[in-house]
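Notes to accompany the following structure.
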Amino acid sequence: MEPEIPKIYSPETIEPQWARQWVEQKLYRPSDDPASPRFSLTIPPPNITGLLHMGHMLEHTEIDILMRWHRMKGENVLWLPGTDHASIATQMIVERELGREALPDLEPGPAAQSAWQREGQRRRQEMGREKFIERCWLWKEENGGTIREQMKRLGASCDWTRDRFTMDPAYTRAVVEVFVRLYEEGLIYRGKYIVNWCPRCGTAVSDLEVVHEERKGKLWYIRYPIEGGGGHITVATTRPETMLGDTAVAVNPSDPRYREKVGTRVELPLLKRFIPVVADDFVDPKFGTGAVKVTPAHDPNDFEIAERHKLPRIEVINEEGRMTDKAGPYRGLDRFEARNAVVKDLTAQGLLEKIEDHMLSVGICQRCHSVVEPRLSTQWFMKMKPLAEPAIRAVEDGRIQVVPDQYRKIYLDWMGKIYDWCISRQLWWGHRIPAWYCLSCGVVTVARQDPSACTKCGSTSLRPETDVLDTWFSSALWPFATLGWPDDTPDLRLFFPQNLMIMGFDILFFWGARMIMMGMKFMNEAPFRELYIHALVRDAERQKMSKTKGNVIDPLEITEKYGTDAVRFALAISAAPGTDIVVSPDKFDSYRAFANKIWNAARFVLMNYRKLPEKVQQQIAEALRPMPGLGFDAVAAPENLALADRWIFSRLLATTGEANEALGHYRFHEAADKVYHFFWHELCDWYLEWVKPEITQTAAEPALATWINLTRVLEAALHLLHPFMPFITEELWHEITRRPREESISHAAFDLVSDRVADPISEKQFQTIQELIVAVRNAKAELSLQRQRPSVQIACEDLRVLELFRAHLDSIHRLAGIEATNFTRGRMTGETAGVHHTATFDLRILHEEKVDPAAERLRLEREREKLEQALAQSKKQLDNQSFMDRAPRDVVRGVERRNAELTEHHRKVLESLERLGKT
RNA sequence: GGGCGGUUAGCUCAGUUGGUUAGAGCGUCUGCCUUACAAGCAGAAGGUCAUCCGUUCGAGCCGGAUACCGCCCACCA
């Protein structure tokens, strides 16, 4: 900071410097000393395809606050950063890029996007697997670091020397190791089942990657003629095109309508095939007609019915969503075109009985929003039940704490009814499944290294598996694979298990649950001790932010405008656990104002500090080092401090305690709020105002004790604020302490956990003075005398209070804006108008205007009414014997005290009214 | 079809185990350019805590029901 300190805080000139320095100095690399208490956390790795959005920023802000807080507590903190290869997302982006190169002239837009995508897919096939993967790596090198650079700019206190990527060679080794071990144990298997198939992406996806959407659909009632004449059975379906693959009609065995038909055959319209009528408990007689068409190759329920009845499975829809040869005349049609054609033909043949509107939930591909097709296909699966059990117990018995608690139950519910996980993807970018097929005998070899020959028959003609693993397979290993597993590394020994994991609810099952399962399986313990689920960020209309809605707030943009610290603070103070958080420019504005307030408070102190004789400056700086934390010494011992100094110190201690408590429970909003209130409304509004004359005077005798206390409190306040606002506090800390630029507030010792209790006597005394000052300001405002400095008359029965006022008369005069005070012991009985009462004192502004008796009466009457209401309530409680008997003593005493105060205040008001009446 | 969360000031939200007078920010109104800050200072107005019933000496908070809003899970064609 130059001697001329600007009045307006400009984050844009200060933040980038520190951000750069922190990274260059490797400031947040933990020590490798196993003796010091450690705190470790791995970042939820953002996708390399991603740009930083507000959700990231919230997550990183919360993490960073905690990391900086733990560092302040003297712990050895590791925040390990990294990125995820995002198999499907990356492949799509690279494909689109290929498509765009081939078709550069298209007008950008949704239509072009899908054209590029299709063309890109074609070109991918053309160039082949190896070339395409090379291309993906290239893309990753060029774009995959964007988020990392953004995070650095936002001051995330990661250890960048430990940056990891899910496709690093070492990490890939861990993935292969896990796959092979699980396969050898029979927990990974291969089989032909119905899976969710995305025809657009051309791959299977897991259940979790399918989102369900309520859509208006129809229920078509189709007549299946009974073989040999004699009527028909009507089935209802939401997907008429699948009838082409029907291999049975099923009815409930107890359904009297169809009992006789079971075992007979019906004719499948359009294709003229005959299919049996079977009885199965699955069928609900109350739905539709009570008869169900069975399409084993395209419906999971029908698949199971077919298993039970040994029915054939006919695939009529292919991997592109088009009808197969088995669909006869409909072959080659898209599945939705086929639907229309089938309905049209059935209508023409008079076999369509009716059509009803029907709401149904449609499965949509999470990635590309295509309608997912349940499709028979050979895939790799992970058996989940045996893996889930230990992961359930770890949460049940508290080895992992889930915060907020509501998510514990959601986790347990989901884990309780978990299904096997389809882990193979028909994609190229990702971890290739380490399996080889023998072209001679057909046996599958799963191995850590490329096998040269078949393990069964020794043939050397092997075909490697082409499928890759679901991205979430590799991220499930994140908490230990990033630390060097499967090797027994020092990092693994020192930092595993992680102390904490933070994530959004949206990936609790995708990632959180699977990490716990893999941790239990391969490390024999929970991968982290606590799991904190953070809120979702929404815009001012409570909408979830998304690119398609166009309501995305770009953190970098907003940060540039308001400052990182302000945005961080706005997020933190809005982040109550378990609730969504709403952000808006308004909010950022108010916390930018807060940053400016901090800046100016420090500026004020510094400006005056620099006017002090050099010797005094030295003395003050001396008192700040070595870091005394919150300790006192001889100069600034409590008995040498004035009331205001003791008061602000007491408030500082209380605030520190509250902020610690709140952060310990992830109550970011509460911690931020306490610190905010302390800094602005106690430190600035009262304390700085109070000591202003002492520190602005350049008198021969600087108030050394006050100066020391002031700088200490300010320094402590910067520490308190630092986790929330790292940049401005780093900057100001250097100015206040005059420490070298190479040092950092984040590593400065600070006695955060103080065993000192607050100082209730000073607090009470200061509070009484505050009451008086506020009362005078009020009275002045009521009389519109704000511009003047009138004299006042104060009467008080309590001699100690009177003494207190007298002792601080100058401050009171200055802060209340009055000229002189006339004190009386006792009550104000001789005056007829303009008297303001409180329980402890009476107050009258002396001024020339005649007080209007009518207005005066109105004011007092209103006051009387309020007091009487309050009195009635406290009396009621005191008269209630049950309350007196059962309520705790301190509650009763509180009511009694209040009642006494009210009574006193009320009596004074009544007396004033009476006197007023006499005039 | 199950499960969960929400409903508090004009707006956005706090309110930790039930306890005296329900808070904050923004907005509104009044007055101040008081030599740190007008992105500021000093004041003010504004709430039957969604509704009903219950438990209790005492309920914004605990229990039950209702209404509306939102979310998650689910293989009923």
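Computed over heavy atoms, backbone and side chain alike; hydrogens, waters and symmetry mates excluded.
Between A:Asp673 atom CG and B:A24 atom P the separation is 10 Å, expressed in whole Å. In this entry the distance linking CZ of A:Arg603 with P of B:A38 reads 8 Å, nearest Å. Following rounding to the nearest Å, A:Asn899 (CG) and B:U21 (P) show an atom-to-atom distance of 11 Å. Look at CG on A:Leu663: it is 18 Å from P on B:U16, rounded to the nearest Å. At whole-Å resolution of the value, CD1 in A:Ile845 and P in B:G31 are 19 Å apart. As rounded to whole Å, 11 Å separates atom P of B:C72 from atom CD of A:Glu213.
Phosphate contact (OP1/OP2 of B:A39, side-chain N/O of A:Arg592, threshold under 4.0 Å): absent. For A:Arg667, a side-chain nitrogen or oxygen approaches OP1 or OP2 of B:G15 to under 4.0 Å. OP1 or OP2 of B:G25 has at least one side-chain nitrogen or oxygen of A:His681 nearer than 4.0 Å. OP1 or OP2 of B:G15 has at least one side-chain nitrogen or oxygen of A:His669 nearer than 4.0 Å. In this structure, A:Gln877 does not reach the B:U20 phosphate: none of its side-chain N or O atoms is under 4.0 Å from OP1 or OP2. In terms of phosphate contacts, A:Lys587 brings no side-chain nitrogen or oxygen within less than 4.0 Å of OP1 or OP2 of B:G25. In this structure, A:Trp680 reaches the B:C41 phosphate: one of its side-chain N or O atoms is under 4.0 Å from OP1 or OP2.
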Derivation and outcome, side chain to side chain donor-acceptor pair (under 3.5 Å), residues A:Thr696 and A:Asn608: CA-CA 6 Å; A:Thr696 49; A:Asn608 289 293; 5.4 Å; no
In sequence, state the C-alpha distance, the side-chain angles, and the governing distance for A:Ile410 and A:Phe509, and then conclude on side-chain contact (heavy atoms from CB on, under 4.5 Å). CA-CA 10 Å; A:Ile410 296 177; A:Phe509 305 138; 3.6 Å; yes
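Distance from the side chain of A:Asn778 is smallest for B:A44 among the nucleotides B:A42, B:A44, B:A77. Minimum atom distance to the side chain of A:Cys684 is reached by B:A36, of the listed B:A36, B:A14, B:A39. Closest approach to the A:Phe287 side chain among B:U21, B:A77, B:C41 is made by B:A77 (side chain taken as heavy atoms from C-beta onward). For A:Lys7, counting side-chain heavy atoms from C-beta on, the closest listed nucleotide (B:U20, B:C37, B:G25) is B:C37. Picking from B:A14, B:C72, B:A77 the nucleotide with the shortest atom distance to the side chain of A:Phe505 gives B:C72.
With hydrogens and angles ignored, a donor-acceptor pair closer than 3.5 Å exists between the side chain of A:Glu689 and the base of B:A36. A donor-acceptor contact under 3.5 Å is formed by the side chain of A:Lys597 with the base of B:C37.
Pairing for B:G1 is with B:C73, a Watson-Crick or G-U wobble pair whose two hydrogen-bonding atom distances lie under 3.5 Å. Pair check for B:C32 finds B:G40; Watson-Crick or G-U wobble, both atom distances under 3.5 Å. Nucleotide B:G10 forms a Watson-Crick or G-U wobble pair with B:C26, both donor-acceptor distances falling under 3.5 Å.
The aromatic ring centroids of A:Tyr562 and A:Tyr591 lie 6.0 Å or more from each other.
Using a 4.0 Å cut-off between charged nitrogen and carboxylate oxygen, A:Arg408 and A:Asp405 count as a salt-bridge pair.
For the residue pair A:His906/A:Glu868, the side-chain donor-acceptor check at 3.5 Å is satisfied. For A:Ser874 and A:Gln877, the side-chain atoms include no donor-acceptor pair closer than 3.5 Å.
Note on A:Val283: a base of the nucleic acid sits closer than 4.0 angstrom, heavy atoms only. Residue-level contact check: A:Ile8 touches the bases, meaning some heavy atom is under 4.0 Å from a base atom.
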